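Reviewing the structure listed below.
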Amino acid sequence: MTVSEIRQQFFDFFERKGHAIVPSAPLVIKNDPTLLFTNAGMNQFKDYFLGNESAPVKRIANSQKCLRVSGKHNDLEEVGVDTYHHTLFEMLGNWSFGDYFKKEAIEWAWELLTEVYKLNPQDLYVTVFEGDETDKVPMDSESNELWAKLIDPSHILLASKKDNFWEMGDTGPCGPCTEIHVDLRSTEEKSNIPGASLVNNDHPQVIEIWNLVFMQFNRKANGSLEPLPATHVDTGMGLERLAMALQGKQSNYDTDLFQALIQHMEKLAGKGYGKSEPTDIALRVIADHIRAIAFSIADGQLPANNGAGYVIRRILRRAVRYGYQTLELKEPFLFTLIPVLVEQMGHPYKELVSQENLITKVIREEELSFFRTLEQGIKRMDLLMEATRGQHNNTLEGTAVFELYDTYGFPLDLIQLIGREHGFSVDEAGFNQELTKQKERSRAATGIETDDWQQVNEENPTEFIGYDVIQCDTTIIRYRKVTQKQREFYQLVLSQTPFYAESGGQVGDTGWLIDSQGNKTRIFDVKKENNLIVHLCESLPASLGETLSAQIELNRRINIQKNHSATHLLHHALRTVLGTHVEQKGSLVSPDYLRFDFSHFAKVTEEEMEQVISLMEQQISANIPLNEKRNTPISEAQSMGAMALFGEKYGDLVRVIQFGESIELCGGTHVKSTGEIGLIHIQSEAAVAAGIRRIEVISGQAAETYFKQESALMTEVRTMFKNPKDVLKSIQDLMDQNQGLGKEIEALIKERNKGIKRDLESKLEEINGIPCVCQEVSIDTNSVKDILFQLKGQYPSFVGIIGNIDGDKCGLSVIISDDLVASKLWNATQWIREVAPMIQGGGGGQPFFATAGGKNSNGIKSALSALKNKL
RNA sequence: GGGGAUGUAGCUCAGUUGGCUAGAGCGCUUGACUGGCAGUCAAGAGGUCGUCGGUUCGAGCCCGAUCUUCUCCA
């Protein structure tokens with residue numbers, strides 16, 4: 001049975017049990033501050049569990065792409081070392097939202113595994129929560145009894161809170177779970193050691209395949225549990241592990257899903273799988289990581305140096321590291337796996353096919369950049385080894401190694417490897433100490449504490465009515481205090497709101513809540529947490545229970561709307577001018593400007609840019625009215641030709657924004673007709689990553705101000721040039737002239753200095769047999785220096801002492817030829833320091849040349865004679 | 001979001017506690033040698049030392065702000 005068939009049978013089974021089959025949500029999470037990536041099947045249903053939203057259907061099943069790189073279940077550094085952990089994996093799941101509970105969940109799971117997938121019941125073990133005293137939760141005897149009817153009691157095991165009590169986070173829904181494990185060992189091994197003793201013991205062939213979570217509690221901020229009003233079922237079964245069990249393989253990597261990738265790498269590296277442990281690990285790491293990287297990029301998450309993008313970069317670099325170190329691949333190779341992956345997984349995941357070009361380009365570019373980093377690191381590594389040789393027992397110091405790792409991105413294991421080759425060891429304890437320090441710093445800086453929600457009114461969750469009104473009456477449903485970086489603020493949930501919450505690139509509204517007394521509470525930002533609209537303010541309104549008037553800052557909203565509609569026109573214009581490969585990869589719509597990132601493989605030329613602007617201007621002056629359709633079925637929207645974005649999650653009902661030919665799925669706020677946008681101006685076009693360009697545009701008021709200022713500036717320039725016919729030529733002429741004059745002055749100064757030099761030479765005297773010039777001149781210090789160096793070059797034995805007056809400043813310079821410095825141990829610096837006070841200044845230099853500066857030119861004469869007396 | 005590093009000639013970089021008139025290699029221009037190419041030699045052009053402000057007699061170097069790029073942590 002292939003992986004695709006396994007997936008399909010899962011869907012068919014739960015469809016028969018009355019479940020709706022829904023598509024996988026994107027990998028990248030937008031409206032959840034606690035998560036960077038979808039890491040479990042339930043992520044997209046979080047709001048249903050939290051009670052922020054009610055589920056449209058009560059039974060759902062799907063296969064969800066998930067990414068896990070850290071946490072209690074998985075760590076990036078472990079993936080590939082064993083044969084059953086992954087970064088990206090598919091999670092098959094079935095859900096009940098306040099519908100069926102333990103009985104059906106357990107019975108159906110059993111039916112599917114034993115009757116559809118035909119797993120041998122003798123190979124299956126289940127675990128049941130044993131209860132926990134500190135939480136005062138009893139054992140899950142209900143599950144225990146249900147299982148006892150299906151499976152040999154010796155295959156039912158009790159497990160602790162650590163393994164069998166599931167929690168969404170520090171607070172929120174939680175409950176006991178029951179896990180199904182499968183024993184895939186040979187008959188002989190099974191008879192030697194009973195499978196029951198290997199469950200939950202990290203045995204590669206006795207593994208958990210399905211987890212059934214029964215949500216029945218809510219954990220509060222003080223740690224206590226309260227029962228949930230409605231109970232839910234959340235299950236998750238790793239497709240990769242299931243495939244291994246059903247295909248009778250010893251490892252996930254032996255299934256058809258991974259073999260194609262591994263075989264490609266075997267050919268490329270000229271090394272076979274299954275011959276040596278290090279090679280196998282490297283091949284597994286690469287086969288695993290390429291999936292995570294490719295899917296993330298397809299969902300719009302590019303490698304970057306912070307946030308979610310940094311996680312992707314780290315995964316990519318880990319894969320390259322294994323290829324570089326173990327497989328000895330010294331040039332980019334990851335990108336060559338993309339066609340294989342597309343062949344393998346392009347069918348269920350169409351985004352891979354349509355984004356193939358971009359994914360390949362981005363990965364290749366990232367690989368190249370990492371190879372550059374490695375090259376730099378190797379140079380630094382050489383320096384470090386040179387500096388350490390023969391010291392500290394040839395141990396590279398932890399702080400130095402950490403610097404190499406932290407600042408220059410050179411991987412620790414590579415440092416150790418190269419070190420070993422040259423006879424050095426690494427002070428790992430010292431390194432880890434530095435790493436811990438850095439982690440603590442970061443944690444301290446991001447510390448955020450949230451109190452429990454305080455319920456004020458029992459009403460329905462927030463409704464956004466800001467498409468139609470800018471002001472409305474509302475009440476506070478609940479609020480909580482949040483502390484971040486010693487700054488306290490409050491989050492409010494309102495019964496209804498005109499405030500747009502930051503989403504789809506459009507920033508949140510600002511405004512006020514006003515009570516009946518006219519007291520204003522400033523709302524400084526509005527964000528979404530999952531689908532809950534949260535208003536941020538620095539202090540609570542005085543009267544929490546009463547009806548308040550919510551008002552948004554209108555002028556700011558208007559500017560935002562202009563920029564948002566302009567974004568749509570820009571998107572459409574780019575696709576028209578450059579081609580339909582242009583897709584939105586990021587967007588920011590603020591009151592001041594708009595920023596639009598899109599896929600395109602070359603710089604947008606000036607001509608193309610001209611076309612884009614004029615197309616946008618045409619549409620603005622045509623004053624096309626907004627055609628807004630709310631609650632449109634997604635199928636209908638797509639048949640209208642609406643553009644949907646990859647990596648964006650859409651519900652069944654969507655909102656469509658149309659301005660003529662520009663049709664997009666969009667939840668943002670817009671102008672009523674394009675004419676309102678007014679002027680536009682493109683401020684910049686630049687690259688942000690391989691294959692991704694960024695355009696920044698201003699519109700409306702901001703553009704008007706810009707053009708006004710430019711025009712005023714131009715007028716000033718013209719006036720300065722006495723209104724010439726051709727301003728550019730005037731400026732060019734002026735610049736040419738200026739350059740010519742500069743050179744002329746330089747030549748004149750040189751000429752003058754020559755004269756002064758000749759003059760000084762004529763006053764050359766011998767003091768105690770040493771040729772010496774001691775004079776006062778009125779030129780700048782730089783020229784003095786110039787002349788003195790020339791004289792020093794001319795006379796093998798020579799002392800020059802010059803005092804100069806330059807405006808209201810004055811200076812002293814002494815030069816001594818090298819032979820006198822050597823033979824008489826004269827020191828110009830010492831001399832100049834001694835006499836500098838005479839001109840109320842200070843100075844210094846080197847033994848053969850020193851200068852001093854000061855304010856009192858009356859002191860020059862005495863300073864000069866004092867210096868002369870040194871000879 | 002927090003830390004570290006980085007920015008000097010067209011490119012790759014050096015510049016030691018602030019003071020040897022801002023350097024090297026490659027590239028570029030010109031000339032010489034050789035029958036041509038390749039090459040060798042010689043001469044030369046090319047720099048607001050990221051930007052702004054400060055300290056100092058003097059700043060590429062020190063201090064503050066800001067931008068770029070890289071990197072680690074969250």
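Letters A, B, ... are given to chains in the order of the sequence lines, protein chains preceding strands, and every chain is numbered from 1. In this text the structure is predicted, and so the values were computed from the model without any measurement. The figures that follow rest on heavy atoms only: side chains count, while hydrogens, waters and symmetry mates do not.
- For A:Arg694 and A:Asp597, the salt-bridge test passes: some basic side-chain N is under 4.0 Å from an acidic carboxylate O.
- For the OP1/OP2 pair of B:rG1 and a distance below 4.0 Å, the side-chain nitrogens and oxygens of A:Gln438 include no atom meeting the criterion.
- Distance noted for atom P between B:rA5 and B:rA9: 22 Å (whole Å).
- Side-chain atoms of A:Asp786 and base atoms of B:rU21 include a donor and an acceptor less than 3.5 Å apart.
- When the options A:Ile312, A:Leu36, A:Asp299 are evaluated for a side chain to side chain contact (heavy atoms under 4.5 Å, CB included) with A:Leu27, the one that passes is A:Asp299.
- Out of B:rC20, B:rC73, B:rU71, the shortest distance to the side chain of A:Arg313 is found at B:rU71.
- Put simply, A:Tyr408 has no side-chain N or O that comes within less than 4.0 Å of OP1 or OP2 on B:rU6.
- Under 4.0 angstrom from either OP1 or OP2 of B:rG1 there lies no side-chain N or O belonging to A:Ser442.
- Atom name P, nucleotides B:rC63 and B:rA59: the rounded distance is 16 Å, in whole Å.
- Taking the six-membered ring where the residue is Trp, A:Tyr405 and A:Phe402 present tilted rings, their angle falling between 30° and 60°.
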message = Counting Watson-Crick and G-U wobble pairs with both distances under 3.5 Å, what is the dot-bracket string for RNA chain B, 5' to 3', using [ ] for crossing pairs and | for pairs to another strand?
response = (((((.(..((((.....[...)))).((((((.....)))))).....(((((..]....)))))).))))).
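- Scanning for side chain to side chain donor-acceptor pair (under 3.5 Å) contacts around A:Asp288 gives A:His86, A:Thr87, with sequence neighbours left out.
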